[in-house]
There are 2 protein chains.
Amino acid sequence: MSNPLDTVFAALGDPTRRAILTMLLEDDMAVTDVAEPFEMSLAAISKHLGILTRARLITQEKRGRVKWCKLDPDAMRTASVWMQGFGQFEPINLDAFERFLALELEIPPER
Amino acid sequence: MSNPLDTVFAALGDPTRRAILTMLLEDDMAVTDVAEPFEMSLAAISKHLGILTRARLITQEKRGRVKWCKLDPDAMRTASVWMQGFGQFEPINLDAFERFLALELEIPPER
DNA sequence: TGGTTATTCAACCATATGGTTGACGATTAT
DNA sequence: ATAATCGTCAACCATATGGTTGAATAACCA
């Protein structure tokens, strides 16, 4: 499984891991806090976090005795770009997308 | 594995299956022709096609004795939209983005 | 020092996955 | 009618995956 797409898509294929990523969207979290809402052992969550880290979907940094987990969207963007190659659906042109975002920041949507 | 995202991402996690999808981007193909470039048995390819079908990434239609495989981008779009939520950018308003694209088509950027 | 907290490691288990081969049903061609 | 082609099925195999538990390591607290 050397291809980055292999590890990224495989990592995303598990609902627990997708839930973890969603949680990390809110904020960085310690391993124990990530594990809290799940009905499975800490060791199991630790494994999931290892898989997410190897897929480079998150990064982990140990500060003191707690290891902080942080979303790293780069790998996801790579996978996303691969999917966009299937231009059957509306091409999400990245250039256009960035222009769109710039515009959104200039002109807030509530007007 | 009931969640559609489970089956879609799991299906995309295999390089053979991604290669098949890429081939189908060109044109619809019969099972035998899909299998031709791969160094594995027809039965193995048949299984991969079953997985892609269950993930609704392709559809298969039997005409005569040949079964035609056709890309079905809907499921991929669902997964793509899920991933967009993890972009480094702010939460994406897809509707707004589509309106933006429509606008861009009306008023070409080179002016 | 000793105790608690945070996290991983190692061994283990059940099931899933990706591949093989050979037989089979259905369709088409000679 | 017979043979060839298309594709799946069933049984099997090796390895991967997702989970468990208990012990181990490391850092903090009293």
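Values below: all heavy atoms of this structure, side chains included; hydrogens, waters and symmetry mates excluded. A, B, ... follow the sequence lines: proteins, then strands. Residue 1 opens every chain.
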Rounded distance (Å) that lies between atom C1' of D/dT5 and atom CG of B/D33 = 12 Å
inquiry  = Side-chain N or O of A/K67 versus OP1/OP2 of C/dT8: is the shortest distance under 4.0 Å?
reply    = yes
inquiry  = Measuring to OP1 and OP2 of C/dG18, would you say a side-chain N or O of B/R17 lies under 4.0 angstrom away?
reply    = yes
request  = Output yes when a side-chain donor or acceptor of B/R17 lies under 3.5 Å from a complementary backbone atom of B/A11, and no otherwise.
outcome  = yes
ask   = Quick one: which of C/dT8, D/dG19, C/dG19 gets closest to the side chain of B/K47?
value = C/dG19
ask   = Can any side-chain N or O of A/T53 pair as donor or acceptor with the backbone N or O of A/L49 at less than 3.5 Å?
value = yes
request  = Without swapping roles, check the side chain of A/T22 against the backbone of A/R18 for a donor-acceptor pair under 3.5 Å.
outcome  = yes
inquiry  = Considering every strand and a 4.0 Å limit on heavy-atom distances, what is the contact class for A/I51: base, sugar-phosphate, or nothing?
reply    = sugar-phosphate
request  = Measure the distance from CG on B/L52 to C1' on C/dT17 and round it to the nearest whole Å.
outcome  = 14 Å
query = If you check the B/A43 side chain, which of C/dG19, D/dG22, C/dT21 turns out closest?
reply = C/dT21
note = Closest of D/dG7, C/dG18, C/dT7 to the A/T32 side chain is C/dT7
key: Below 4.0 Å: OP1/OP2 of C/dT7 and any side-chain N or O of A/S46   = no
query = If only side-chain N and O atoms of B/S41 are considered, is one of them under 4.0 Å from the OP1 or OP2 phosphate oxygen of C/dT20?
reply = yes
remark   = Judged by nearest nucleotide, the residue sitting upstream toward the 5' end of DNA chain C, A/W68 or B/L42, is A/W68
message = Which is more 5' along DNA chain D, the nucleotide nearest B/A30 or the one nearest A/K62? Just name the residue.
response = B/A30
ask   = Any side-chain heavy-atom pair from B/H48 and B/M40 closer than 4.5 angstrom?
value = yes
query = Checking only heavy atoms, does the side chain of B/R65 share a donor-acceptor pair with the base of D/dT5 at less than 3.5 Å?
reply = yes
key: Separation of atom CD in B/E61 from atom P in D/dG7, rounded to whole Å   = 13 Å
inquiry  = Whole angstroms only, please: what is the CD-C1' distance between B/Q60 and D/dG7?
reply    = 10 Å
message = Between C1' on D/dG7 and CE on B/M40, what's the gap in Å once rounded to a whole number?
response = 17 Å
query = What is the distance from CD of B/E39 to P of C/dG18, rounded to the nearest Å?
reply = 18 Å
Rounded distance in Å - NE2 (A/H48) to P (C/dC9) = 16 Å
task = Please report, rounded to the nearest Å, how far the C1' atom of C/dA6 is from the CD atom of A/E36.
result = 15 Å
message = If we ignore hydrogens and angles and just use 3.5 Å, is the side chain of B/R56 paired with the main-chain N or O of B/T7 as donor and acceptor?
response = no
